There are 2 protein chains.
Amino acid sequence: MPSKLPPLSSLRVFEAAARHGSFTRASKELGMTQAAVSYQMKILEERVGTPLFLRKPRQVSLTETGERIAPVVTEAFELLRAAFVMAEDASHNLLSITTVTTFATNFLAERLGNFQILHDDLAVRLDTSMSVVDFSREDFDLGIRSGDGQWQGAETHLLIPAKFSPMLSPDLAQSVGGIKKPSDLLKLPLVDASDPWWKLWFDSMGVQSEGLRGNKRSRMGIQMLEARAAEAGQGVAILTPDFYRDSLKRGSLIQPFDDVCHDEGRGYWLVYPKARRNMPKIKKFRDWLLNEVKEHCN
Amino acid sequence: MPSKLPPLSSLRVFEAAARHGSFTRASKELGMTQAAVSYQMKILEERVGTPLFLRKPRQVSLTETGERIAPVVTEAFELLRAAFVMAEDASHNLLSITTVTTFATNFLAERLGNFQILHDDLAVRLDTSMSVVDFSREDFDLGIRSGDGQWQGAETHLLIPAKFSPMLSPDLAQSVGGIKKPSDLLKLPLVDASDPWWKLWFDSMGVQSEGLRGNKRSRMGIQMLEARAAEAGQGVAILTPDFYRDSLKRGSLIQPFDDVCHDEGRGYWLVYPKARRNMPKIKKFRDWLLNEVKEHCN
DNA sequence: CATAATACATAAAATCTCCTTATGTATAGT
DNA sequence: ACTATACATAAGGAGATTTTATGTATTATG
């Protein structure tokens with residue numbers, strides 16, 4: 001439908017030449033030679049079918065037609081420039097992160113304020129969702145995901161290894177006279193008995209745990225739900241202690257055993273596209289986050 | 001000052017792709033392959049520093065940033081398209097002519113109305129000036145000039161040969177008892193004795209005309225002034241009869257001798273740039289004018 | 001459920017645009 | 001007259017853009 005436009009490069013040149021009333025000055029602005037400007041204007045005039053400049057002795061001036069279109073072309077280019085300044089600005093100053101709920105709730109939420117203060121030029125958009133990150137399909141700069149760190153094309157940093165240990169509410173522990181040895185836990189309901197971590201943990205403690213099949217994939221991403229259930233006294237959950245420092249300190253959860261299992265290789269990872277690893281906003285967040293993790297989780 | 005824009009070709013592609021929400025459809029509109037669109041969008045995204053499209057299974061959709069700039073880019077391109085429609089329109093439908101005064105007054109003025117009626121899609125701008133036509137320096141489609149038809153780079157058509165014969169007002173003729181033979185004219189003042197045509201004409205009539213030097217260049221372009229002087233009875237002028245049919249018919253001028261001299265090669269010419277000889281508006285005017293001349297000046 | 005069809009990505013090669021260099025012309029200033 | 005300025009033009013080449021060919025993922029279909 002839209003009628004054919006002249007070569008766009010010639011329009012850019014026209015815009016500058018019209019603004020300066022001079023091919024030479026336009027060429028300087030555009031960082032090209034005067035010959036190139038002359039050439040482009042010839043192209044454009046041929047295309048439009050009518051001269052746009054009058055060649056006076058030592059200067060050029062616009063013809064009637066040129067005079068008519070020049071301001072419109074200038075306006076159009078200003079729109080474009082404005083649009084891309086906006087875009088680049090957004091690209092530099094808007095940081096959007098997608099993270100698994102657990103990490104957002106138990107780690108990021110309470111610390112993000114710090115980051116914002118540190119980098120008040122960055123606006124942060126935080127999205128919590130569990131789905132796999134695919135940066136080519138979703139509009140995020142960085143993601144935090146649980147897994148084994150194998151995401152192709154992505155730069156990854158292990159934030160928190162998948163360590164785990166049982167936790168429960170003090171009341172629940174009291175209800176069976178306290179938890180003295182691992183097998184005491186089996187007297188209580190497990191929040192999610194199918195979580196493979198249970199078997200791993202009991203195995204490592206040398207406790208026979210028939211019936212714990214561990215046939216499900218780990219659901220680290222939604223640990224948080226299990227944690228809430230445990231806090232509410234509904235059962236024992238197997239959780240990552242690093243995330244529940246606060247609850248443990250407050251006493252809303254207790255960790256009966258210091259023994260922490262480690263699901264080697266798995267954990268919470270920071271992920272972002274390799275190609276964008278050098279963007280300032282990405283560096284800023286990465287550096288900040290890695291430092292927070294280091295400081296906070298021994 | 002203006003910040004650098006991304007490659008313009010990629011913008012054109014982006015505009016179409018955003019509008020269609022599809023690389024394939026955009027490629028069809030732009031008359032290129034889908035691969036080319038994909039490539040251009042990659043370029044643009046690299047340049048802007050952020051993705052503009054999300055690659056979904058069998059479609060693409062704009063990212064937040066893409067969404068933000070798309071309407072602006074579309075608007076800019078619409079401005080450009082509008083500007084060039086205007087320009088092309090003007091280029092097609094505005095005919096500007098520069099002509100020597102004599103020809104305008106004595107020939108064109110009374111006939112141009114006809115042309116306008118015949119081609120009411122063309123707006124005619126008529127400029128009368130004597131200066132030499134240089135289409136690269138002045139904004140005209142066609143020129144009518146007197147001379148020998150030697151204008152380089154120009155297409156030329158002889159309209160009216162430089163024929164000439166003395167003319168004067170009837171009263172003036174009466175004042176010397178009428179003009180019977182050429183030498184009678186010498187009893188009267190010549191409007192411009194230095195006009196070389198005088199010598200040519202007297203010579204051709206076999207009349208000795210000492211004192212008529214003819215050292216000036218012909219000033220055909222301003223014959224009209226001499227004609228007015230002659231009509232006012234101020235002297236005898238040497239004029240091109242074709243231009244003064246009306247005055248002769250009205251009787252405000254008389255041409256005492258049918259003998260008409262011919263300054264071979266010289267005359268009134270229609271001139272226009274060779275490069276533009278095929279423009280419809282130029283053809284229309286040329287054909288009309290040549291026909292008018294043929295019909296009117298035997 | 002296998003197959004075909006659709007939409008986009010990517011690599012390599014061909015093409016073509018655009019720019020530069022070099023030079024020429026005309027004009028204004030000294 | 002001479003120099004400097006501004007634009008035009010031609011030739012050559014670097015680089016950008018496009019196409020061709022192929023791959024991948026997803027949806028639709030028999």
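Since the structure is predicted, the reported quantities are computational estimates derived from the model, not experimental observations.
Classification of the B:His119-B:Phe115 ring pair by plane angle, with boundaries at 30° and 60°, yields tilted.
In terms of position along DNA chain C, the nucleotide closest to B:Ala36 lies nearer the 5' end than the nucleotide closest to the other residue of the pair B:Ala36 and A:Pro57. Taking the nucleotide of DNA chain D with the nearest heavy atom to each of A:Arg55 and B:Gln34, the more 5' of the two is matched to A:Arg55. Along DNA chain C, the nucleotide nearest A:Arg58 and the nucleotide nearest A:Val13 are compared for position; the residue whose nucleotide lies closer to the 5' end is A:Val13.
Electrostatic pairing of B:Asp141 and B:Arg286 does not count as a salt bridge here, judged by no charged N lying under 4.0 Å from a carboxylate O. Between B:Arg276 and B:Glu155 there is no salt bridge, since no side-chain nitrogen of the basic residue lies less than 4.0 Å from a carboxylate oxygen of the acidic one. No salt bridge links B:Arg68 with A:Glu88; every basic N to acidic carboxylate O contact stays at or beyond 4.0 Å. Salt bridge status for A:Lys284 with A:Asp121: present, with a side-chain N to carboxylate O gap under 4.0 Å.
Within the structure, every side-chain polar atom (N or O) of A:Thr24 is placed at least 4.0 Å from both OP1 and OP2 of D:dA6. Distances shorter than 4.0 Å separate none of the side-chain N or O atoms of B:Thr33 from OP1 or OP2 on D:dT18. Considering only side-chain N and O atoms, B:Ser22 lies nowhere under 4.0 angstrom from the phosphate OP1 or OP2 of C:dA7. Within the 4.0 Å cut-off from OP1 or OP2 of C:dT27, at least one side-chain nitrogen or oxygen of B:Arg137 is found. B:Gln40 has no side-chain polar atom (N or O) that falls below the 4.0 Å cut-off from OP1 or OP2 of D:dA16. For C:dC8, the OP1/OP2 oxygens have no side-chain nitrogen or oxygen of B:Gln59 closer than 4.0 Å. A sub-4.0 Å separation between OP1 or OP2 of D:dC7 and a side-chain N or O of A:Ser38 is absent.
The distance between atom CE of B:Met32 and atom P of C:dC8, rounded to the nearest whole Å, is 13 Å. In this structure, A:Phe53 places its CZ atom 15 Å from P of D:dA6, rounding to the nearest Å. Atom NZ in A:Lys42 sits roughly 11 Å away from atom P in D:dA11 (whole-Å rounding). Atom NZ of A:Lys56 is separated from atom P of D:dC7 by 12 Å (rounded to the nearest Å). Atom CD1 of B:Ile43 is separated from atom P of C:dT17 by 18 Å (rounded to the nearest Å). Rounded to a whole Å, the OH atom of B:Tyr39 is 19 Å from the P atom of C:dC8. One atom, CZ of B:Phe23, and another, P of D:dT18, lie 14 Å apart when rounded to the nearest Å. If you take CD of B:Glu45 and C1' of C:dC8, they are 12 Å apart, rounded to a whole angstrom.
Within the nucleic acid shown, A:Val37 has no heavy atom closer than 4.0 Å to any nucleic acid atom.
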